[in-house]
Amino acid sequence: MKITGAEAIIKALELEGTDTIFGYPGAAISPFYDALLNSRIRHILTRHEQGAAHAANGYARVTGKPGVCVSTSGPGATNLITGIANAYMDSIPIIAITGQVRSDMIGTDAFQEADITGSAAPFTKHSYLVKAAGELPRIIKEAFHIAATGRPGPVVIDIPIDVQNSVFEFQSPKAVEIKGYKPTVKGHPMQIKKAAAALEEAKKPVICAGGGVIAANAAGEMLELAEKRNIPVVTTLMGIGAIPSAHPLHFGMVGTHGSQAANSALHHADLVLILGARVGDRAIGAASTLAKRARIIHIDVDPAEIGKNIDVSIPLVGDLKLTLKDLLGYVKASEDKEWLCEAAEKRLKVQQKAAAERGKHKDTGYIDPKYLLSMLADFLPEEAVVTTEVGQNQIWAANNLQVRMPKTFITSGGLGTMGYGLPAAIGAKIGRPDVPVVVISGDGSFQMSMQELGTMKQHDIDVKIVLFNNCRLGMVRELQLTKHSGRYSQVCLDSNPDFTALAAAYGFRGEKICSNDEIRPALERMTGTKGPYLLECMVDPMEPTL
Amino acid sequence: MSKHTLSVLVENHAGVLSRVAGLFSRRGFNIDSLAVGVTENPDVSRMTIVVEGDEYIVEQVSKQLNKLVDVIKIKRLDKHESITRELSLIKVSANAATRSEIVQLVEIFRAKIVDVSKTTLTIEASGSGDKVAALEDMLKQFGIKEIVRTGTIAIERGNRIIKVTNNEEGEING
Ligand SMILES: Cc1ncc(C[n+]2csc(CCOP(=O)(O)OP(=O)(O)O)c2C)c(N)n1
Ligand SMILES: [Mg+2]
């Protein structure tokens, strides 16, 4: 049957099982939007293209399926870039479909022409500029395959308007066969045996779990390994959720903003098993000294990550789930708990100290954000999804939330993108309509994406917003205190709006709280309310991150 | 810092060169030279890339290149097990007094005079990078007006070939 390129895009998306896309129309993508009228695919109209990309990201992270975002050419496409870069840094599979000017106009600086495949190249796993409609079925199939397999990541498909309009005979694409793309799946048996032997020799092993554990659905295998040999588990920011926060083997997040217990465990380890983590500078700062102290086993699906930031004793390339399964076959169980107890003692001290401080907030007029976050889970089922913005709010959440399952803690790790949390929550809610979704926000970050309240309103998307209002760009304020001897420069948000009134303008309920006593009842009201809710929490501007 | 030669098979379509070049600048790798041309298979091009760096850099370059979907295969060429060539066109000043001396020199280097004018000689020289550099050095005294150099190209010695097949030994696959 002959159809147009635009119809072919939709058909190909349907063949990939796409049920929802996030986007924003414009001239160069208008044939696509016309064809969309005849499709069952749900379109979420965001209020900014960046929101569409972040929503696709949130959708992908809770469902494990690639998220799709769509924009027009030129400014629509360039508005996607931050979202594409964010997905790239966190290895999240998204497909960005962009309209482009007519093929014969490309290169002439035509109206709304932007070289999106070129400008997004540093942040894409792959990209396509489609030359003919006949290529569309193959390209879209390949794009989904590339985005979702190996180390996941964003793929851009740029489609000139004449290609969308041209008519051709649609043929279902054959199986994907790309000469230059064959991700390694099975770990090398010899390396696996070496890793097993090293684990058995180690006196003080630690597992460091990254986002790869969650992406590969390998949390179960990881936990089995940790339990088999009583290995303390620390996570990176992206690895939060790989192990339940309350698990006895969980030692928290590592890094600059991590927990003392986690950093101390890493510091004293004689072997570190790094799983699906790229050893970023914020997570493992002194990689070279760590590698001198401890043997390093690094398992990752991306060979380029191994040996990039840390010297590795035993490199192991492969899909984490399969590789850990194989590894489990070689590792004997151990009853030895000496090291675990030693590490747990330290952890207990840290926890007791934190608990003593919690909720005892000096100044009235403010709530304690860590206290609120430590009890939020009491009001939510374990599958509930929490997203965060960036800043102190994010680190408070990372260190204090009870996260009970993989894929329920969604944050911008590698790029640290303010304005990510709200649209990501929208995408997450679309992906998991059955569970509550909460975004932990900051007054600065919120104002980078607050136009997406309109998206929530229009599409009836039930996201709860916990907004920590410290009238500051808090994280930067703190940095200026510690690194610039308190010379505060451009970190005051003096003219914040009345946030609950803003929510009310969209018809959403909300309230503002200023003391710790109000936290429980407010959380109860928020989670008990059907539909969006904005809980504004006044926070001391001087509240520290850790 | 030493030089390493990579023979890289890539898809022969638009945008590949910019992806490869972009990767080098983005990750701060130094390209010494890059030569590209189509192979015996018209769908596939070969890039011969000479990079400068230590073992860590070369490994990173190979691995990062391998992540590009358009890169089909990479092989690091062993200096002793491969033949490398570079072509130069060198225009030198020449007059009645110097012309014969230049011609002699060119013969010693097994280069060729490919163009003559009243005031210049143009020399075509090919060989390993070292040989071409040595000739250049000798010609300096006469006054080099212009040099055009290709990047290095290289091929393995003996009956070994680098071609598009699945998982062969010696390649790095990503
Ligand atoms: C898009 C973007 N711009 C700037 C920054 C730098 N930055 C990091 S945290 C932060 C402050 C965030 O303020 P807010 O959302 O109120 O969070 P808080 O730290 O106060 O909790 C800024 C400006 C960033 N991460 N992202
Ligand atoms: Mg703030």
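Residue numbers start from 1 in every chain, and the chains themselves are labelled A, B, ... in the order their sequence lines are given, proteins ahead of strands. Not measured: the values here are computed from a predicted model.
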With rounding to the nearest 0.5 Å, note down the distance linking [atom1] in [X] to [atom2] in [Y].
X: B:His13; Y: A:Tyr128; atom1: NE2; atom2: OH; result: 8.0 Å
X: B:Leu68; Y: A:Lys125; atom1: CG; atom2: NZ; result: 12.0 Å
X: B:Ile72; Y: A:Ile178; atom1: CD1; atom2: CD1; result: 11.5 Å

Mark yes when over 12 heavy atoms from residues, nucleotides or ligands other than [X] sit less than 6.0 Å from its [atom1]; otherwise mark no.
X: B:Glu124; atom1: CD; value: yes
X: B:Arg110; atom1: CZ; value: no
X: B:Ile155; atom1: CD1; value: no

Practice task
Name the region of A:Ile146, side chain, backbone, both or neither, that has any atom closer than 4.5 Å to a heavy atom of chain B.
Solution key: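 Answer is side chain: those atoms of A:Ile146 sit under 4.5 Å from chain B.
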
Practice task
Counting only heavy atoms closer than 4.5 Å, note whether A:Thr117 contacts chain B via side chain, backbone, both or neither.
Solution key: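 Contact with chain B involves no heavy atom of A:Thr117 at all.
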
Handout entry: Heavy-atom side-chain contact between B:Lys63 and A:Lys308 under 4.5 Å
Key =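 They are not in contact (no side-chain heavy atoms under 4.5 Å apart), so the answer is no.
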
Handout entry: Heavy-atom side-chain proximity of B:Val69 to A:Glu142 below 4.5 angstrom
Key =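 Contact flag for B:Val69/A:Glu142 side chains = no.
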
Handout entry: Top of A:Gly150, A:Gly118, A:Ala121, A:Pro122 for chain B proximity - count of heavy-atom pairs under 4.5 angstrom
Key =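 Ranked by contacts with chain B, first place is A:Pro122.
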
Problem - Proximity breakdown for B:Val44 and chain A, heavy-atom pairs closer than 4.5 Å - result: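 The side chain, not the backbone.
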
Handout entry: chain A contact via B:Leu9 - which portion, at a heavy-atom distance below 4.5 Å
Key =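 Neither part; nothing is under 4.5 Å.
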
